[in-house]
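Any value given below was found using the heavy atoms of this structure, including those in side chains, with hydrogens, waters and symmetry copies removed. Numbering of residues begins at 1 and proceeds along the displayed sequence.
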Amino acid sequence: MLELLPPPPADPLWDLAAEFGADPRPERLNLVLGVYRDHTGVTPVMRAVRDAELRLAERSASKEYRGLSGNTAFNRAMVAQVLGDGAAAARATAVQTVAGTGALRLLADLVRRTRPGTTVWISDPAYVNHRPILEAAGLAVRAYRWTDPQGLLEDLRGAGRDDVVLVQGCCHNPTGVDPDRATWEALAAMADRAGWVPFVDLAYHGLGDGLEADLWATRMLAERLPEVLVAVSCSKNFGLYADRTGCAIVVGSSPRALAHAETALQNAARTLYSMPPEHGAAIVATVLEDDALRSCWHAELNVMRRRVAANRAALVARLAELGCGAWAEPLARQKGMFAGLPLSPDGMRALRRDHAVYGTTSGRLNIAGLPADRVDQLAGALAAVVSGVPAFASGPGPGPSVPSQAVPV
């Protein structure tokens, strides 16, 4: 049987991580995987998380099955956090999932069961796993432009009534570029007129402009539209990467529709993994239900956000000092964990080959994984690659202009 298996495609991110692991150069810099690291290069356990774990250990609660929806206290806390105290929270249901990836897959299965012939629209560029998840669920996928607001709206005029549009609620992966509020409101009006359903991927809230600001677009869509799907990850803003903690939220227009949606999500979970792990969800529920722990977590999240912003500002400033100010200027407007570089795949390969700096071939670097004392190293490597890439297009301002083959961010 196994001899009949064709060579499967490799995962580009984990292949790069493996290549980094085998690289003997001591100066190597891993900015591939989307994880937050502190100034020493370590992914920390948040104090609020650690204190919640100690409380859970003291309780020594039973490890009996929770059920197909997972931890219901966690689900309630997620709905309250994501949707706030508006009317949308009262017409939402949720199930715990195996991280944000599990939420994406369960909601994709829900779409396929509800609208078998639908097309799901994803951004271009997109998070590397969006298309594989949707296609594995049996859905057709089309792309719309992301970094050009007018192009985004123009492309989505082609979305039909039975379609679903997948958007990232904040801190877009891989570009770091988010729409402004006017564009978000135009998207909501378009969805209302055309009848398509927004599907929000929410993985980085709290790491852009702050928790409330980062949740604004998701809440606005949920308040204005009859149906919205939301996939939530707790990996980044709670640091629960290995605990695989997430939530699938459905906003609907009637109790009957919500009950059917919840059962459909439970059935999909049953066939994939039966039920999600308890530990991470119990941590999040404990943090969000306790005023002191929640305040501690929020303060820690703000420290993380400010560090990411400081990394970005320091990198842009250093690039300007090296004569690449015009090239680096778009980076200053980006948000969240990632920097979307205007470099071609060849440029990213040169960055890796010649300077031991690892990012994805799409131009993404994890700015949240950059130790503060290595900003100069990264800036110098980028300046060298930009200066060495042939076929420059003429560009304004001092320093090297953007390569003609670069993808604009």
Side-chain angles (χ1 to χ4, degrees), residues 34-85 89 92-103 106 202-207 210-212 214-215 218 230-249 262 265-266 269 273-308 337 368:
V35 297
Y36 174 85
R37 297 188 179 96
D38 64 18
H39 67 282
T40 68
V42 173
T43 299
V45 177
M46 300 175 80
R47 189 178 71 183
V49 167
R50 186 180 64 249
D51 289 350
E53 286 185 303
L54 290 172
R55 293 188 189 184
L56 292 170
E58 290 171 357
R59 293 176 196 164
S60 296
S62 170
K63 294 188 181 295
E64 185 180 350
Y65 291 128
R66 278 286 192 167
L68 297 178
S69 288
N71 186 314
T72 55
F74 166 79
N75 294 335
R76 289 193 300 269
M78 283 291 96
V79 169
Q81 182 195 77
V82 170
L83 299 180
D85 55 6
T93 190
V95 301
Q96 182 197 340
T97 61
V98 181
T101 303
L106 288 194
L202 200 57
Y204 308 102
H205 45 303
L207 293 171
L211 190 60
E212 294 297 306
D214 289 348
L215 290 168
T218 302
V230 188
V232 189
S233 170
C234 297
S235 293
K236 278 72 179 179
N237 60 8
F238 281 90
L240 296 174
Y241 302 93
D243 285 317
R244 313 308 296 139
T245 306
C247 188
I249 298 174
E262 183 174 354
L265 291 171
Q266 291 172 338
Y273 51 78
S274 191
M275 61 196 69
E278 163 70 5
H279 188 66
I283 290 170
V284 173
T286 301
V287 169
L288 295 181
E289 289 177 341
D290 182 275
D291 289 344
L293 287 179
R294 186 173 64 250
S295 295
C296 177
W297 167 71
H298 202 178
E300 290 180 277
L301 184 59
N302 279 329
V303 169
M304 293 164 61
R305 174 178 59 83
R306 288 193 290 268
R307 189 184 114 68
V308 173
M337 293 181 67

- side-chain contact (heavy atoms from CB on, under 4.5 Å) between Met78 and Val284: does it pass, once the steps are laid out? CA-CA 9 Å; Met78 283 291 96; Val284 173; 3.7 Å; yes
- Task: Would you please test His298 and Asn302 for side-chain contact (heavy atoms from CB on, under 4.5 Å) and show each step?
- Result: CA-CA 6 Å; His298 202 178; Asn302 279 329; 4.0 Å; yes
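By the 4.5 Å heavy-atom criterion applied to side chains, Leu240 and His279 are not counted as neighbours. Two residues are said to be in side-chain contact when any heavy atoms from C-beta on lie closer than 4.5 Å; Leu288 and Phe74 fail this criterion. Contact check for Val49 versus Leu293: no side-chain heavy atoms found under the 4.5 Å cut-off. Counting only heavy atoms from C-beta outward, the side chains of Asn75 and Cys247 approach each other to under 4.5 Å. Looking at heavy atoms from C-beta onward, Pro44 lies out of side-chain contact with Arg37 at the 4.5 angstrom threshold. Residues Gln266 and Ser69 form a side-chain contact, since some pair of their non-hydrogen atoms from C-beta on lies under 4.5 Å apart. Using a 4.5 Å heavy-atom threshold, the side chains of Phe238 and Thr245 count as separate. No side-chain heavy atom of Arg66 sits less than 4.5 Å from a side-chain heavy atom of Gln96.
Of all heavy-atom pairs between Gly280 and Asp243, the closest is CA-CB, 4.1 Å. The heavy-atom pair separating Thr286 from Ala52 by the smallest distance is CG2-CB, 3.9 Å. Counting all heavy atoms, side chain and backbone alike, Ala269 lies closest to Leu68 at CB-O, 4.5 Å. Ile249 and Ala92 get closest at one heavy-atom pair: CG2-CB, 4.2 Å. In this structure, Val287 and Ala48 approach most closely via the heavy-atom pair CG2-O, 3.7 Å. Closest approach of Gln81 and Leu215 over heavy atoms only: O-CD1, 3.3 Å.
Listed by first and then second residue, the salt bridge (Lys or Arg N to Asp or Glu O under 4.0 Å) pairs involving residues 279-304 are Arg55-Asp290, Asp291-Arg294 (not counting sequence neighbours). Evaluation of the side-chain hydrogen bond (donor to acceptor under 3.5 Å, both in side chains) test over residues 40-50, restricted to residues two or more places apart or in two chains, returns Asp38-Thr40.
One finds the OH atom of Tyr204 at 6.5 Å from the CE atom of Met337 (value rounded to the nearest 0.5 Å). Once rounded to the nearest 0.5 Å, the distance linking OG1 of Thr101 with CG of Leu106 reads 11.0 Å.
A donor-acceptor pair is defined here as one N or O able to donate and one able to accept, closer than 3.5 Å; no such pair exists between the side chain of Asn71 and the backbone of Glu278. With hydrogens and angles disregarded, no donor-acceptor distance shorter than 3.5 Å links the side chain of Tyr36 to the backbone of Asn237.
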